[in-house]
Q: 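Take a look at the following structure, please.
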Amino acid sequence: MRDRPLLLSVALGSVSALLLVVVLAPVLVVIAGSFLNTAFLGISSERWVAGGESELVTFKWFGYVLNLYRPQLTFGVQLALWNVALCLLIGVPGGCALVRRAFPGCGILEDLLLLPLSIPGITVSIGLLQAYSMIRGKWGLLLAGQLLYTLPFMVRSVTSTLRAHDHAALERAAHSLGAGFWRTWWLVTLPNLRHALVVGSLLVFAVSFGEFNVSFLLNTPLYQGFPTALYATYTTNSFQVSSAATTLFLLVIVPVLLVIQALGGRESTKIEQGA
Amino acid sequence: MTGSLSIENLSKHYGATAALQRVSHAFAPGRVTAILGPSGSGKSTALGIIAGLLAPDVGRVFLDGADLTRVPPEKRGFGVVFQNYALFPHLTVVENVEFGLRVRGVGKAERRRRAGEMLDLARIPHLAERRVHQVSGGEQQRVAVARALAIRPRVLLMDEPLSALDARLRDDLRAELARLLRELALTTVYVTHDQAEAMSLGHALIVMNRGRIEQAGTAEEIYRAPASPFVAGFIGAANVFPDAEKLSDGAVRLPFATFPANGTSPPGPCWAMLRPEAFEVAREDEPADFAARVESAFFLGAHMRVQLRAGDRPLTAEFPAGAVLPSSGSLRLRVRPGALYIRANPEP
């Protein structure tokens with residue numbers, strides 16, 4: 001790297017640091033809040049989680065939140081995993097078919113697939129409720145609603161990889177070497193999609209786990225995702241409890257995002273190298 | 001001899017565009033046939049149909065008498081080298097080469113051995129464990145050839161295998177490929193738009209244009225006696241005159257001069273060709289066939305290339321480098337005996 005004048009470096013560094021603070025401050029406050037014992041500071045009379053009254057830093061909110069929202073947390077993870085499974089099942093063959101233009105209307109379908117991402121979630125949810133009122137209250141409807149948002153991520157991940165590698169040429173080469181449709185799929189297509197599938201699955205997981213719009217409108221008392229629980233906690237619970245719930249949420253979602261970031265960076269350098 | 005490949009009456013349309021129109025040819029077994037043509041001439045379509053990767057609208061493909069038209073590519077046992085090689089990016093070089101053997105259920109040890117032989121043949125044994133994106137373009141080309149040959153193909157098909165490389169490398173690899181193909185004595189169809197490649201690699205040549213075979217033969221035959229003005233212009237440089245006429249006394253009239261006859265076509269309109277080397281400068285005491293104005297002259301080592309204008313016709317001529325030429329003004333020129341080539345106009 002070239003030498004920069006000291007003053008410029010300091011200025012750039014300060015601006016970056018300032019931006020970082022602005023962006024991270026709310027998150028940091030929430031995280032700090034989840035460990036803070038306000039009762040110890042004497043600014044809260046909240047006493048309904050017993051113990052630790054004499055410490056400033058406490059983990060008791062987590063115990064409380066975990067207890068309170070365990071069903072939502074479990075269900076949220078289950079729902080996200082269902083999304084991943086169904087997206088793999090539908091999105092991978094679907095993405096391949098779209099890239100090959102396997103049937104008429106592929107182009108339109110590919111565009112339609114992205115439509116839910118640009119329509120307000122409330123519209124989609126109410127549409128779903130009206131169209132499928134007979135399964136209202138079943139978690140299947142919630143899954144279906146989420147799939148509208150998660151499927152595009154998997155399909156996009158698959159189609160962009162297939163298009164970047166001129167996959168049709170690889171498949172032709174495999175055929176010429178004696179591999180039929182399934183062998184080619186197994187030995188060539190799938191291994192080259194591995195990275196897209198990992199990134200796509202993580203994205204789907206993250207989107208599903210953090211999705212609020214559809215989940216909020218289609219949820220039932222029995223089947224609530226974690227963001228719905230967050231909403232509930234913000235409206236009814238103390239700052240510490242909601243902070244702890246948020247920190248739990250971040251604990252699940254941030255590692256996923258970090259892995260996506262790391263993998264995404266690796267893939268783009270590979271493509272630049274002409275792989 | 002095995003490896004008798006032939007195509008019969010192949011046609012292929014893309015929408016309203018005819019990519020291939022009733023093309024038939026019997027390829028010489030054990031030899032290299034180069035299909036030469038400009039882009040869009042149908043040469044790659046023909047290759048795709050032979051490989052089984054494209055289905056013809058009509059027509060058939062035969063190998064040793066068996067009809068392969070409906071046989072899928074994976075059952076044909078043809079080796080294909082693709083234009084951009086289409087190497088598998090998730091596999092190493094040696095894994096690419098042994099792919100065809102793996103699909104055929106050849107055991108690991110045996111396929112490693114045979115892949116090793118192929119890498120030796122392609123002179124890249126040191127690259128075996130590299131990833132495909134870690135080797136250069138020329139090396140990728142060698143991997144592609146080794147991979148196609150590893151399955152001991154009945155026919156080898158190559159689609160512009162050198163076109164992705166830079167000029168120097170292309171010349172080197174062309175010479176090496178020519179040697180390899182000669183040694184293999186495998187029925188090979190080699191598609192290219194580069195005439196030097198076609199002439200140096202192909203024992204036989206097919207010139208294609210607009211979905212049809214314009215002419216098939218050896219390079220020399222086609223150079224000496226092109227079947228159409230298109231072929232004359234495509235193989236080597238040529239001055240082509242589509243509007244010539246054969247007179248009843250046997251002489252041939254070109255737009256700028258009339259010449260004694262060559263060839264036995266009946267009187268009437270015809271097309272004529274003069275290769276650049278057909279001209280010589282007339283001496284002072286010799287009668288000239290015609291006069292031409294010199295527009296430019298380039299020194300090209302062994303010869304001079306001169307752009308002339310005779311009447312309103314531009315002409316390209318080549319003279320031995322030692323020839324004394326005026327750098328401008330007018331030249332009195334003769335056409336070497338027998339150098340004027342004429343042929344009846346092609347059927348419309």
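We name chains A, B, ... by the order of the sequence lines, and we start the count at 1 in each one.
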Q: Of the non-hydrogen atoms in A:Ala179 and B:Phe99, which two are nearest, and what is the gap between them?
A: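 Result for this residue pair: CB-CE2, 4.1 Å.
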Q: In this structure, are over 12 heavy atoms from other groups packed under 6.0 Å from A:Leu8 atom CG?
A: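 More than 12 within 6.0 Å, yes.
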Q: Let me know if A:Arg183 has heavy atoms under 4.5 Å from chain B in its side chain, its backbone, both or neither.
A: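 Side chain only.
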Q: Can you tell me which portion of B:Leu87 sits under 4.5 Å from chain A's heavy atoms? Options are side chain, backbone, both or neither.
A: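 Just its backbone gets close to chain A.
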Q: Nearest heavy-atom pair of A:Ser176 and B:Val80: which atoms, and what distance?
A: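 Between these two residues, the closest heavy atoms are CB-CG2, 3.6 Å.
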Q: More than 12 heavy atoms of other residues, nucleotides or ligands under 6.0 Å from CZ of A:Arg194: is that the case?
A: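 Open: at most 12 neighbouring heavy atoms sit under 6.0 Å from CZ of A:Arg194.
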Q: For the residue pair A:Val188 and B:Phe88, what are the closest heavy atoms and their distance?
A: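 Result for this residue pair: CG2-CE2, 3.7 Å.
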Q: Below 4.5 Å, heavy atoms only, C-beta onward: do A:Leu177 and B:Ile151 meet side chain to side chain?
A: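 The answer is yes, as the side chains (C-beta and beyond) meet within the 4.5 Å cut-off.
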Q: Name the region of B:Phe78, side chain, backbone, both or neither, that has any atom closer than 4.5 Å to a heavy atom of chain A.
A: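 The backbone, not the side chain.
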Q: To the nearest 0.5 Å, what is the distance between CD on A:Glu171 and CG on B:Leu53?
A: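 That separation rounds to 11.5 Å.
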Q: Taking atom CZ of B:Arg111 as the centre, report whether more than 12 heavy atoms of other residues, nucleotides or ligands fall under 6.0 Å from it.
A: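 Correct, the count exceeds 12.
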Q: How about A:Trp82: does its CH2 atom have over 12 heavy atoms from other parts shown lying under 6.0 Å from it?
A: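 For A:Trp82, atom CH2 is not crowded (no more than 12 foreign heavy atoms under 6.0 Å).
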Q: Can you name the nearest heavy-atom pair linking A:Ala173 to B:Ala86, along with the distance?
A: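 Shortest heavy-atom separation between A:Ala173 and B:Ala86 comes out as CB-O, 3.7 Å.
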Q: Within the distance-only criterion (no hydrogens, no angle test), does the side chain of B:His90 pair as donor or acceptor with the backbone N or O of A:Leu187 below 3.5 angstrom?
A: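 Here the side-chain-to-backbone pair exists.
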Q: If you count the non-hydrogen atoms of other residues, nucleotides and ligands that lie under 6.0 Å from CZ in B:Arg179, is the total more than 12?
A: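 Atom CZ in B:Arg179 is packed in, count exceeds 12.
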Q: Flag the pair B:Leu91 / A:Pro191 as yes when at least one side-chain heavy-atom distance between them is below 4.5 Å, and no otherwise.
A: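 A side-chain contact under 4.5 Å is absent here.
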Q: Tell me, for B:Arg76 versus chain A, whether the close heavy atoms (under 4.5 Å) come from the side chain, the backbone, both or neither.
A: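 Neither part.
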Q: A:Asn192 and B:Pro89: which non-hydrogen atoms are nearest, and at how many Å?
A: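 That closest heavy-atom pairing would be OD1-CG, 3.2 Å.
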Q: For residues A:Thr184 and B:Glu74, determine if any side-chain heavy atom of one lies less than 4.5 Å from a side-chain heavy atom of the other.
A: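 Result no, sub-4.5 Å side-chain heavy-atom pair not found.
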Q: Contact part of B:Arg102 toward chain A, heavy-atom cut-off under 4.5 Å: side chain, backbone, both or neither?
A: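 Both backbone and side chain.
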